[in-house]
Amino acid sequence: MDKTYSPGDIEERIYRRWESEGLFAPAGDGAPFCIVIPPPNVTGTLHMGHAFQDTIMDALTRFHRMAGDRALWQPGTDHAGIATQMVVERQLLAEGQTRHALGRDAFNERVWRWKEESGGTIARQMRRLGASVDWGRDRFTMDPGMSRAVQQAFIRLHEDGLIYRGKRLVNWDPVLKTAVSDLEVQSEEENGTLWHVRYPFADGKGHVTVATTRPETMLGDVAVAFNPDDQRYRGLDGRMLALPLTGRQIPLIADEFADPAFGTGCVKLTPAHDFNDYEVGQRRGLPLINILTADAKISEEAPTAYRGLDRFEARKRVVADLEAAGLLEKTEPHRLTIPRGDRSGAVIEPWLTDQWYVRIAPLAEPAIRAVEDGRIRFVPANWDRTYFEWMRNIKDWCISRQLWWGHRIPAWYAPDGSIYVGETEADVRKRHGIPADIALRQDEDVLDTWFSSALWPMSTLGWPDKTKELGTYYPTSVLVTGFDIIFFWVARMVMFGLNFTGEVPFREVYIHGLIRDHDGQKMSKSKGNVLDPLDIVDGIGLEALVAKRTTGLMQPQVAPAIERATRKQFPDGIRAYGTDALRCTFASLATLSRDLRFDLGRVEGYRNFCNKLWNAARFVLLMTEEPLPAGEEMLSLYDRWIRSRLAATTAAVRDAFSEFRFDLAAQAIYEFTWYEFCDWYLEFSKPVLQSGDAGEAERRGARRTLLETLEKLLRLLHPLMPFITEEIWQKIAPRIGKTGKSIMVEPFPGPEPSAISAAVEAEAQWTMASILGVRAIRGEFDIAPSHQAAVFIENASAEDRRRFEASASAICKLAGIGEVRWLSPGERAPQSATATVGDMKIHLPMAGLIDVDAELARLGKRRSKVEQELARANAKLGNENFVRNAPADVVTQERERLEGFKRELAQLSEQHERVASLR
RNA sequence: GGGUGCUUAGCUCAGCUGGUAGAGCGUCGCCCUUACAAGGCGAAGGUCGCAGGUUCGAAGCCUGCAGCACCCACCA
């Protein structure tokens with residue numbers, strides 16, 4: 001093995017081998033375990049959030065695979081209707097083309113080409129991240145099989161009366177010129193204006209005043225309402241008003257909808273352009289006047305003067321005209337929420353169109369029950385509240401989109417307006433007996449992308465066919481996703497899954513947090529703070545990073561600021577940290593928190609950890625190079641200690657995995673590896689293996705423990721750090737006679753309670769305390785490591801002496817002790833700095849090494865600390881309520897602590913006197 | 001207007017059923033001791049957002065407050 005760990009050399013090679021040996025496909029006859037990937041946009045690239053999510057899914061999959069389950073991680077990508085269509089349209093625009101000029105078929109061909117061109121990026125990225133997905137089962141939402149599932153789902157829902165077509169107000173995006181669902185509308189508070197406008201009575205006597213934030217829609221007003229309880233307007237119900245600028249007359253009506261407390265208490269009603277007004281209009285039988293076109297210009301239904309004007313242009317014109325007519329009473333600033341399309345950013349217009357809807361209430365009810373009765377479990381659990389909240393107030397889902405890229409709606413129209421739903425035109429004709437001479441026209445629209453996503457766990461496994469995979473892996477085991485798509489995706493999968501199969505699509509939903517940058521900002525291209533996970537894996541130079549962050553911006557003017565920030569944060573670019581370090585960082589971020597700040601410092605920490613593991617492995621290999629002749633074997637205290645610690649760590653890691661606490665798993669392994677295995681055990685093993693004064697049986701025990709502990713540790717670590725563990729395992733495993741072809745299909749370490757020994761740990765702890773005591777003195781006084789101290793030990797019990805002598809070589813080596821003298825009772829040590837372990841004192845003579853004042857300062861500091869603790873323990877035990885009410889073992893423990901402090905304090909005082917007398 | 005989450009060391013975060021406050025990075029000493037300077041050994045650093053309450057005992061439980069973040073909602 002190379003002296004330095006360099007991930008670049010090993011990761012790609014190892015992945016290729018895993019893949020070519022077919023290790024990602026489910027194998028064996030264990031219990032099925034399945035995760036379906038949340039399909040990323042096929043033409044996109046993976047960002048940090050994906051990499052994070054993939055790390056979690058891969059860790060789970062690898063864990064279950066090693067645990068003997070038939071583990072399937074189902075990969076795939078999404079056609080992402082609007083997003084992808086927008087990208088291609090922008091490409092066309094750059095070429096001076098439009099999709100309309102190209103025509104539907106040619107445009108779709110173009111999108112398919114773009115998909116083929118860019119579709120490989122994600123797969124490449126996932127391979128670099130070590131994702132153990134079953135590539136043989138890769139799916140795309142517009143594959144023939146997937147499309148068939150979509151079509152069948154639509155047909156069945158329609159047959160069951162759960163899909164209908166209706167004309168009503170929808171959220172209309174006038175830039176994309178399509179309807180969008182409620183979820184795709186982002187409402188944000190913005191500064192606006194409230195205009196108070198006079199509507200004169202038709203008879204010329206007086207007026208009422210209405211307040212509005214959208215004056216241009218008055219062109220479509222059909223009434224003005226006041227509250228029936230509003231005394232100001234008593235008796236005016238039914239009076240006619242002359243609607244300004246239009247020449248039309250509209251009634252003043254009394255309706256509960258009007259809020260007397262707002263503005264003047266009069267509200268204008270524009271049923272074709274406002275969701276509330278629409279409802280009132282329906283209830284009151286008011287007409288609908290649609291004054292806007294699909295691109296939000298004033299339509300033919302409005303007065304000539306305004307036709308063709310953009311809505312915002314029209315607003316200005318209307319306000320000016322009202323003012324000129326003396327009808328604008330006042331204008332005031334007003335905060336209001338503006339709905340915008342989440343893709344286009346355009347202000348959404350409530351607009352009257354024909355659309356397809358899913359009747360959602362009958363689907364929601366069983367979906368609510370499935371979570372209530374625990375068939376589906378959210379982790380962390382309180383996300384179920386969010387889910388319930390939305391599901392209980394759910395509204396019908398508008399599923400048609402006026403786009404070209406997506407699943408075409410399987411509905412055909414006859415000239416007489418009848419609608420037929422079926423697989424193909426031929427199927428429709430056959431089913432409904434429609435003769436060839438009646439022309440049928442297929443619906444132009446496509447389905448919301450999320451319609452196909454909602455089927456994903458079923459469709460990827462073969463639904464609507466009853467495939468073997470569907471039978472085996474459905475319901476899937478865990479869904480891993482972010483809270484941002486609980487409504488978009490999770491809820492809809494549950495509804496569709498239950499409706500079509502009668503079973504939940506997954507049993508657990510692990511909701512992870514959102515990866516933000518170091519300052520807590522959401523990562524986005526426009527903020528220029530995005531990190532490409534592969535740039536952390538492979539590293540990237542500063543110039544390349546700047547270029548990456550500043551090209552292709554929607555607003556190029558922010559480029560200089562981004563460049564400055566980038567140069568400041570990464571003056572040397574980003575170094576290559578390797579996949580394992582990145583994955584471990586992600587694992588350590590997988591806390592229950594919902595905002596996760598990504599800090600490169602942590603990646604560096606885990607890269608160092610990889611290096612540590614690497615070098616520990618080199619040491620183990622070095623120590624076990626030439627075989628020892630077979631023979632008797634003896635396990636030392638430390639051999640038994642590290643086995644005990646490993647067993648405890650294994651239990652902690654297994655617990656952590658079962659609770660999705662990858663952060664705790666990573667932490668447990670990190671601490672074991674570094675602080676126990678490397679810092680202590682490897683050091684303990686050195687005197688045995690290197691000094692030659694240990695017996696052969698002891699050496700055999702140590703060598704076997706080294707190998708077995710490391711080998712097991714690698715398996716424990718593999719789900720989080722697949723590459724480095726494989727690389728090392730290939731070298732370690734043969735030395736204990738393991739012949740498996742890959743660590744990824746070796747068993748995950750099982751619980752081993754019998755290896756845990758409190759007695760062994762206590763004795764090992766005692767020796768460590770002795771070593772630490774001496775080292776603290778050495779550190780405090782900067783005693784050179786090369787100096788072998790001669791120590792005097794005072795007040796040692798027989799057990800102390802036995803323990804010390806049993807581990808003498810290890811203690812002396814690690815504490816830098818050259819010689820030990822045991823003082824008999826009454827015998828005094830020379831002036832020394834002293835470490836205490838229980839009642840035993842280890843004296844380090846001061847002559848020539850230790851400065852008297854410095855030692856007094858050290859003792860003083862320690863004394864004040866002990867005094868503090870002592871006072872606290874005293875107070876506690878002096879409180880009779882504590883003694884009476886606290887559990888017996890807590891009280892005993894506190895008494896022992898108190899005694900310990902008392903003894904130590906006495907020793908410190910005595911020591912202080914002795915040293916002080918030297919002056 | 002409802003709802004959720006967060007507030008612990010300079011920074012990023014752990015702290016499981018209440019029982020001696022922890023890690024990484026950063027900082028300060030000493031050390032190239034043949035696994036590892038991407039390292040070793042030692043050290044400094046915290047009124048656990050604020051105020052009450054419950055309890056023998058609170059970072060943790062309850063109440064209120066403050067600050068931050070997010071989600072949902074049709075108030076012109």
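Just so we're on the same page: letters track the sequence lines, and every chain starts at 1. No hydrogens, no waters, no symmetry mates; every other heavy atom, side chains included, goes into these values.
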Practice item. Mind running side-chain hydrogen bond (donor to acceptor under 3.5 Å, both in side chains) on Thr585(A) and Tyr577(A) for me, showing each step along the way? Key: CA-CA 11 Å; Thr585(A) 308; Tyr577(A) 294 107; over 6 Å; no
Assign [X] to base, sugar-phosphate, or nothing according to its heavy-atom contacts below 4.0 angstrom with the strands shown.
| X | result |
| --- | --- |
| Ile511(A) | nothing |
| Asp259(A) | base |
| Lys3(A) | sugar-phosphate |
| Gln521(A) | nothing |
| Arg775(A) | sugar-phosphate |
| Ala258(A) | base |
| Lys686(A) | base |
| Thr212(A) | sugar-phosphate |
| Arg778(A) | nothing |
| Arg597(A) | sugar-phosphate |
| Ser593(A) | sugar-phosphate |
| Gln690(A) | sugar-phosphate |
| Phe598(A) | nothing |
| Arg872(A) | sugar-phosphate |

[atom1] of [X] versus [atom2] of [N]: gap in Å, rounded?
| X | N | atom1 | atom2 | result |
| --- | --- | --- | --- | --- |
| Asp782(A) | G42(B) | CG | P | 13 Å |
| Phe586(A) | G24(B) | CZ | C1' | 17 Å |
| Arg516(A) | A69(B) | CZ | P | 10 Å |
| Phe882(A) | G57(B) | CZ | P | 11 Å |
| Leu682(A) | U34(B) | CG | P | 15 Å |
| Leu814(A) | G42(B) | CG | C1' | 15 Å |

May I ask which nucleotide in the shown strands pairs with [N], Watson-Crick or G-U wobble, both distances under 3.5 Å?
| N | result |
| --- | --- |
| C16(B) | none |
| C61(B) | G53(B) |
| A43(B) | U27(B) |
| A21(B) | none |
| C32(B) | none |
| C6(B) | G67(B) |

Exercise for review: Say whether Ser588(A) and Tyr670(A), considering side chains only, have a donor N or O and an acceptor N or O under 3.5 Å apart.
Suggested key: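 Per modelled atom types, Ser588(A) and Tyr670(A) side chains form no pair under 3.5 Å.
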Review point. Taking the six-membered ring for Trp, are the ring centroids of Tyr510(A) and Phe378(A) within less than 6.0 Å of each other?
Key: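 Ring centres of Phe378(A) and Tyr510(A) not closer than 6.0 Å.
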With [atom1] as the reference atom in both, quote the distance from [N] to [M] in angstrom, rounded to an integer.
| N | M | atom1 | answer |
| --- | --- | --- | --- |
| U20(B) | G46(B) | C1' | 15 Å |
| U12(B) | A69(B) | P | 15 Å |
| C70(B) | C36(B) | P | 49 Å |
| C6(B) | C25(B) | C1' | 22 Å |
| G22(B) | C61(B) | C1' | 22 Å |
| A21(B) | C65(B) | P | 31 Å |
| G39(B) | C48(B) | P | 32 Å |
| U47(B) | A35(B) | C1' | 45 Å |

Point to revise | Side-chain donor/acceptor of Glu389(A) to base of A73(B), under 3.5 Å | key: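 Answer is no: no donor-acceptor pair is held.
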Practice item. Decide yes or no, distance alone: a donor-acceptor N/O pair under 3.5 angstrom between the base of U20(B) and the side-chain of Arg897(A). Key: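 Looking at the base of U20(B), it does pair with a donor or acceptor on the side chain of Arg897(A) (distance under 3.5 Å).
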Respond yes when some side-chain nitrogen or oxygen of [X] is under 4.0 Å from OP1 or OP2 of [N], and no when none is.
| X | N | answer |
| --- | --- | --- |
| Arg661(A) | C13(B) | no |
| Asn881(A) | G57(B) | no |
| Lys813(A) | U33(B) | no |
| Asn608(A) | A38(B) | no |

**Study point:** Closest approach of Glu216(A) to Val318(A) (non-hydrogen atoms, all atoms of both residues)
**Key:**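 Scanning both residues, the minimum pair turns out to be CA-CG2, 4.1 Å.
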Review point. RNA chain B: Tyr606(A) or Asn382(A), which has the more 5' nearest nucleotide?
Key: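 Mapping each residue to its closest nucleotide by heavy atoms, the 5'-most match is Asn382(A).
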Check your understanding: Quick one: on RNA chain B, does Leu596(A) or Leu194(A) contact a more 5' nucleotide (nearest heavy atom)?
Key ->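 Its nearest nucleotide being more 5', the pick is Leu596(A).
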**Study point:** Of His196(A), Arg198(A), Lys330(A), Glu329(A), the residue whose pairing with Thr209(A) passes side chain to side chain donor-acceptor pair (under 3.5 Å)
**Key:**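 That would be Glu329(A).
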Check your understanding: Pick one: which of Leu898(A), Val891(A), Thr892(A) meets side-chain contact (heavy atoms from CB on, under 4.5 Å) with Arg895(A)?
Key ->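 That would be Val891(A).
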Exercise for review: Measure from NZ or CZ of Lys686(A) to the centre of the six-membered ring of Phe619(A), then state whether that distance is under 6.0 Å and the direction lies within 45° of the axis.
Suggested key: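 Satisfied, under 6.0 Å and within 45°.
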Check your understanding: Can Arg594(A) be said to sit on top of Phe483(A)'s aromatic six-ring, NZ or CZ under 6.0 Å from centre and within 45° of the ring axis?
Key ->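 Yes - Arg594(A) lies over the ring of Phe483(A), closer than 6.0 Å to its centre and within 45° of its axis.
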Practice item. Mind running a 4.0 Å heavy-atom check of residues 662-680 of chain A against RNA chain B and sending the residues that fall below it, in number order? Key: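 Close to the strand are Leu664(A), Gln667(A), Tyr670(A), Trp674(A), Tyr675(A), Cys678(A), Asp679(A).
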Check your understanding: So does Gln521(A) have more than 12 non-hydrogen atoms from other groups sitting under 6.0 Å from CD?
Key ->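 Atom CD in Gln521(A) is crowded, with more than 12 foreign heavy atoms closer than 6.0 Å.
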Point to revise | Pairs involving residues 379-389 of chain A, ordered by first then second residue, that meet side chain to side chain donor-acceptor pair (under 3.5 Å) (sequence neighbours left out) | key: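 Pairs touching residues 379-389 of chain A that pass the test: none.
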Closest to the [X] side chain, choosing from [options]:
| X | options | value |
| --- | --- | --- |
| Phe483(A) | A35(B), C70(B), C74(B) | C70(B) |
| Arg594(A) | A38(B), C70(B), A44(B) | C70(B) |
| His518(A) | A38(B), U12(B), C36(B) | U12(B) |

Check your understanding: Should the ring pair Phe487(A) and Trp390(A) be called parallel, tilted or perpendicular, given that the plane angle runs from 0 to 90° and is split at 30 and 60?
Key ->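 Rings of Phe487(A) and Trp390(A): parallel, under 30°.
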**Study point:** Check against side-chain hydrogen bond (donor to acceptor under 3.5 Å, both in side chains), Thr270(A) and Asp221(A)
**Key:** CA-CA 4 Å; Thr270(A) 322; Asp221(A) 281 0; 2.6 Å; yes
